[in-house]
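Encoded as structure tokens, the structure appears first; notes follow it.
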Amino acid sequence: MPVRRVAAGVLVGALLLLLSACGDAADSDQIARLAMPEPMTETGPATYDLWRYAWLAAMVTGVIVWGLIFWVVFRFRRRSDDEIPVQTRYNLPLEIFYTIAPIMMVIVFFYWTVKVQDEAVALEPEPDLVVDVVGQQWSWTFNYTEQGDGGRTPYTSGTASQIPTLWLPVDQTVQFNLNSPDVIHNFGVPSFLMKMDVIPGRVNKFQVTPTVEGDYAGKCFELCGTYHSRMLFNVKVVSQADYDAYLLDLADQGWIADEPLLGGSDAITQAGLDDEDTEGSTE
């Protein structure tokens with residue numbers, strides 16, 4: 001009876017997985033990528049490969065373990081009520097195997113995780129452009145640092161009720177300097193396969209090179225308070241010409257400052273950070 005129940009459970013699970021694959025093309029793509037967004041940056045494929053091969057290793061391990069479990073259940077099942085199983089105190093080769101094998105797996109996972117992490121957080125000494133990002137309760141400010149005329153800084157800022165948009169040029173290396181004037185946030189774009197904490201009093205940095213033009217979604221990945229769910233932003237990856245035109249448009253509308261604004265609408269500032277309060281563009 002237990003064997004039949006386990007087999008039935010496996011069949012039901014397989015059937016549900018098969019039915020879930022019968023959705024639209026987007027669902028099929030998600031299943032093919034194991035729920036990972038399609039990478040849209042130069043470093044994204046390395047993160048995706050780590051995710052994919054980790055799943056592959058887990059699947060192989062699962063098949064072996066479940067196969068052994070089913071084999072043992074069938075091979076050593078009780079055949080009569082008065083049968084007494086063979087009593088084995090230990091099996092030295094088996095104990096050595098299930099001690100060494102997991103250790104080797106952890107070492108391999110650790111090596112590749114560190115390798116991909118080093119690639120993801122590596123900083124080029126001279127990126128093509130710098131964006132000073134501010135995560136404030138409860139929105140984002142994007143400073144296109146020193147990219148305006150005379151080294152001034154065009155910027156855009158959202159509010160708790162208006163989602164801002166971050167514009168980036170395709171095939172250009174962008175360095176994000178992450179600032180927070182209030183609490184810990186987390187800046188991330190799923191399609192970039194990268195996110196990083198935004199910590200008060202500390203400037204974290206990372207770089208990406210977007211490779212595909214398009215519209216993407218970003219958000220705060222840190223539970224930062226009451227209106228955490230409102231900390232959304234959009235990302236537009238465009239041609240260099242469209243990017244330059246956008247910065248000129250910001251300047252024409254007056255969204256330009258002599259220095260990056262590290263406070264922002266609805267921000268509670270702290271010592272060491274600019275406390276200038278701005279109403280925020282929603283471009």
Side-chain angles (χ1 to χ4, degrees), residues 36-37 40-41 43-44 47 113 116-118 120-123 127 129-147 153-168 174-208 210 215-237 250 255-283:
M36 179 68 78
M40 298 297 180
T41 65
T43 56
T47 303
T113 299
V116 172
Q117 177 180 286
D118 288 345
V121 300
L123 298 177
L129 58 114
V130 174
V131 177
D132 275 286
V133 176
V134 180
Q136 70 259 6
Q137 297 175 315
W138 307 97
S139 192
W140 300 91
T141 297
F142 302 121
N143 298 276
Y144 303 94
T145 305
E146 298 181 358
Q147 297 175 53
T153 297
Y155 67 92
T156 183
S157 183
T159 67
S161 59
Q162 294 175 309
I163 299 175
T165 298
L166 170 65
W167 286 57
L168 299 173
V174 184
Q175 176 168 310
F176 296 111
N177 297 335
L178 307 179
N179 304 268
S180 171
D182 38 57
V183 300
I184 297 177
H185 302 283
N186 187 288
F187 175 82
V189 181
S191 293
F192 291 176
L193 303 190
M194 182 64 186
K195 60 188 180 68
M196 185 173 285
D197 279 343
V198 187
I199 301 175
R202 171 178 171 179
V203 181
N204 286 338
K205 303 176 182 180
F206 73 90
Q207 296 177 356
V208 298
D215 298 331
Y216 308 103
K219 63 181 180 179
C220 175
F221 285 83
E222 186 80 27
L223 183 57
C224 55
T226 306
Y227 298 107
H228 160 71
S229 61
R230 296 184 181 180
M231 292 204 63
L232 308 174
F233 61 93
N234 299 314
V235 180
K236 290 183 72 71
V237 178
L250 283 180
W255 304 111
I256 191 166
D258 293 333
E259 296 179 353
L261 302 178
L262 303 181
S265 180
D266 301 325
I268 302 173
T269 60
Q270 89 174 35
L273 296 178
D274 192 331
D275 62 355
E276 182 173 349
D277 187 28
T278 64
E279 281 300 323
S281 166
T282 58
E283 291 294 322

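Only heavy atoms go into these numbers, but all of them, side chains included; no hydrogens, no water, no symmetry mates.
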Smallest separation among heavy atoms of F233 and K219, with atom names:
CE2-N, 3.3 Å
Heavy-atom closest pair, residues M231 and C224
SD-SG, 3.5 Å
Can you list every pair that meets side chain to side chain donor-acceptor pair (under 3.5 Å) and has a residue in residues 186-205, with sequence neighbours left out?
N186-D197, R202-N204
Within a strict 4.5 Å, meaning less than it, do heavy atoms of the V134 and Y155 side chains meet?
no
Rounded to the nearest 0.5 Å, how far apart are OG1 of T153 and CD1 of I256?
7.5 Å
Is there a donor-acceptor pair closer than 3.5 Å between any side-chain N or O of E222 and the backbone N or O of M196?
no
From W255 CH2 over to F142 CZ, what is the distance, rounded to the nearest 0.5 angstrom?
14.5 Å
N/O donor-acceptor pair under 3.5 Å between Y216 side chain and F192 backbone
no
Is the closest side-chain heavy-atom distance between M40 and V237 below 4.5 Å?
no
Which heavy atom in L166 sits nearest to a heavy atom in F176, and how many Å separate them?
CD2-CE2, 3.8 Å
Flag side-chain contact, heavy atom, 4.5 Å: L193 against P37:
yes
Check whether any side-chain N or O of D182 sits under 3.5 Å from a backbone N or O of Q137 as a donor-acceptor pair, and report yes or no.
yes
Counting only N and O atoms by type, is there a donor-acceptor contact under 3.5 Å from the side chain of N143 to the main-chain atoms of L261?
yes
How close do D215 and K236 get, heavy atom to heavy atom, and via which atoms?
OD1-NZ, 3.0 Å
Heavy-atom closest contact (L232 atom, P164 atom, distance):
O-CD, 3.6 Å
Test item: T41 side-chain N/O and P210 main-chain N/O as donor-acceptor pair under 3.5 Å:
no
